[in-house]
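Computed over heavy atoms, backbone and side chain alike; hydrogens, waters and symmetry mates excluded. Residue numbering restarts at 1 for every chain, and letters A, B, ... go by the order of the sequence lines.
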Protein chains: 2
Amino acid sequence: MLGISISTVSRALKDHPDISDKTKLRVRELADALDYEPNTNAIHLRTSKNNLFGLIVPSVANFFYDSFIAAVEEECRKSGYTLLILQSGDDSRSEQDSVKLCRQNRVAGVFTCLTSGNTNIDLYKKLKNTGVPVIFFDKVPDDNEEIKVCMADAGSAIIAAGTIVEKNKKKLLALFGNPGLSITKKREKAFLEVTGNNLQVLVHHVDNPEEAKAVTAAALQQQPDSLFCMSDEILTGAMKAVLEAGLKVPDDIAVITISNGFIPKLYHPDITYVETSGYKLGKLAFTTMMENIAGDQAPKELIVESVLVPGGSI
Amino acid sequence: MLGISISTVSRALKDHPDISDKTKLRVRELADALDYEPNTNAIHLRTSKNNLFGLIVPSVANFFYDSFIAAVEEECRKSGYTLLILQSGDDSRSEQDSVKLCRQNRVAGVFTCLTSGNTNIDLYKKLKNTGVPVIFFDKVPDDNEEIKVCMADAGSAIIAAGTIVEKNKKKLLALFGNPGLSITKKREKAFLEVTGNNLQVLVHHVDNPEEAKAVTAAALQQQPDSLFCMSDEILTGAMKAVLEAGLKVPDDIAVITISNGFIPKLYHPDITYVETSGYKLGKLAFTTMMENIAGDQAPKELIVESVLVPGGSI
DNA sequence: AACAATTTCGCAAACGTTTGTTGTAAAAAC
DNA sequence: GTTTTTACAACAAACGTTTGCGAAATTGTT
């Protein structure tokens, strides 16, 4: 339309010094008038650089992950990246599909949280081998060749256990998540080291709120004086059982959990929790990704420290 | 590597009848061995068809939107579409950026929820004019040339009010959200029409859970026999006050709310709620999108009807 | 054995960009 | 007046696919 070549237009649009101001102006005006937007597909194809990150998460509808996602998305926007958010539905098949989608879209990097039972990270290793950095978050593999950002799994468990010991509790019902996950192992190990011989601990593993509720209901028969939950998900199930049993918190049973903070504040009294912030973790994950892209590809495990947020439940 | 041309490989991979079974097999085996994944950028560029939808939402960290997103993402996956999820942060500048991103990525369609103050939908109209369908959800424009999917705002209020009247309650504390929002107006108007002269209603407007708690605590002095909350956010605050006051639900006070369903089930007994399902709305939005793409581009406003989900709180 | 029909595949253009190289004026230097 | 520089812009190749068309190889028909 302007009687000039495509390459001149391209350069004009990106303020290349070869192009005269007069031409640049004409080009910009017409581009505006036509509502021109560059085709990112073509750009990525041509430059083989994709400012797109993939994020794989069990579900966006989750109190922890949604804040993680919000944080990452925010940072991506600031840095000119786009985020492809994929749900694995906590199903390893979908997780694989998601990884495939990431590869098909030639993402510049992947944030991923393993599905519950999954210990097979070959797909991710392949990604890494093709030069695509993978940042594992929250549910990370045991493998120590990877880059991982986590909440202070051991640390938060230690704080929680310490609090229970300090309060001189004698019989604790402790609910952990899927025993296959490293997060579970770490929390459990650290937790039990602190409780040690100080008190009797009834350990159970549960996979979802329903199971947590059922297990708790059964375990309450043994009249524990305290309850620890490894996550919000577990807490909601366990509390349901506690409330149904008509127990008073903290007099009949003390409660402490590890949480993002939203759920514990819904109850009365507020449940005391060790804070694990999805938002903070998201920020950390992003900066780690950027460092990786900038060249630092050493395997590492970064930890967001936890703090105890006292409620009235213990 | 196989001594055959690129076009033959392309055809073999998609089971084109021109290609012999023998060749297809060889191609597939090598593709597998090499972990070949087609480059979607190239495909979209070549075919000028993009199986990508954009979704613009104030925040993914939200009880309602997260389930909406989950639903849409799920359906997209089933239909071979990919979802680009963008957060507007309830800021119209970010909203515009998000629309731009959608255009740059040549999305096949956009789902959007307007930011709070926004009444300017020119950008969306432009999108529509370039053949990209736009489905508005939840916070939709007044404009009636658009395609909109919404919850039954009035309908859910009517059901809640009807339930309270039916239970023969006499003094109701009713908490609504920001009176400036159209959703609040619609719900309040419909609600009060149903309650009418049947009972005394103490109406309050609150903007956040803290305010809901404070207002409820004060209003409990007047000993209402029932409590209605317009949203989960309000419910969490109000329930806090109820629990702190040591009231028994439903004996001391009956409770009913409008909700997505997650929060009400945390309490004991379960809070009775009128369901406004982000999940259902997401499914509806998706099918509407697909219909639109299939050719039906008539403006319309679709409503997801609400249903009463009985808990034990009234 | 000659021809037609069929099967199988390669060639080349195109999608919308970017970018190294080359071309051509006009301006500057000699 | 000739050469050199400068400023601007065009050419062409490339990214990884898809696909219409044509060509070669194979098979079938008389």
- Item | Whole angstrom value for the distance that separates P of C:dT8 from NZ of B:Lys14 | 19 Å
- For the pair made of CD1 in A:Ile6 and P in D:dA10, what is the distance, rounded to whole Å? 11 Å
- Query: Across the strands shown, which category fits A:Ser48 at heavy-atom distances under 4.0 angstrom: base, sugar-phosphate, nothing?
  - Reply: nothing
- Message: Using whole Å, what does the distance between atom C1' of nucleotide D:dT17 and atom CG of B:Asn50 come to?
- Response: 14 Å
- Using side-chain contact (heavy atoms from CB on, under 4.5 Å) as the criterion, point out the one residue from A:Val57, A:Asp138, A:Leu55 that pairs with A:Phe68. A:Leu55
- Message: Please determine whether side chain to side chain donor-acceptor pair (under 3.5 Å) holds for the pair A:Asn105 and A:His44, giving the CA-CA distance in whole Å, both sets of side-chain angles, and the decisive distance to 0.1 Å.
- Response: CA-CA 10 Å; A:Asn105 282 282; A:His44 299 153; over 6 Å; no
- Item | Rounded distance in Å - NE2 (A:His16) to C1' (C:dT17) | 15 Å
- Message: In whole Å, I'd like the distance from the CG atom of A:Asn39 to the P atom of D:dG16.
- Response: 16 Å
- Query: Can a side chain N or O of A:Thr8 be found less than 4.0 Å away from OP1 or OP2 on D:dA9?
  - Reply: no
- Query: On a plain distance test, is the side chain of A:Ser7 in donor-acceptor contact with the base of D:dC11 below 3.5 Å?
  - Reply: yes
- Query: What about A:Asp18, does its side chain sit under 3.5 Å from the base of D:dC8 through a donor-acceptor pair?
  - Reply: no
- Message: Please compare B:Leu45 and B:Ser20 by the position of their nearest nucleotide in DNA chain C and report the one closer to 5'.
- Response: B:Ser20
- Task: Output the single nucleotide from D:dT17, C:dT8, C:dG16 whose closest atom is nearest the side chain of B:Thr23.
- Result: C:dT8
- Item | B:Phe111 and B:Phe53 aromatic centres sub-6.0 Å | yes
- Query: Tell me: CD of A:Gln104 to C1' of D:dC15, nearest whole Å?
  - Reply: 18 Å
- D:dT17 phosphate, OP1 or OP2, under 4.0 Å from A:Arg106 side-chain N/O: yes
- Given atom NZ of B:Lys22 and atom P of D:dA25, what is their separation to the nearest angstrom? 14 Å
- Task: Given side chain to side chain donor-acceptor pair (under 3.5 Å), test A:Gln104 with B:Thr40 step by step and report yes or no.
- Result: CA-CA 6 Å; A:Gln104 290 176 345; B:Thr40 51; over 6 Å; no
- Do B:Phe64 and B:Met151 come within less than 4.5 Å of each other through their side chains, counting heavy atoms only? yes
- Message: Rounding to an integer number of Å, can you tell me how far A:Asp21 CG sits from D:dC8 P?
- Response: 7 Å
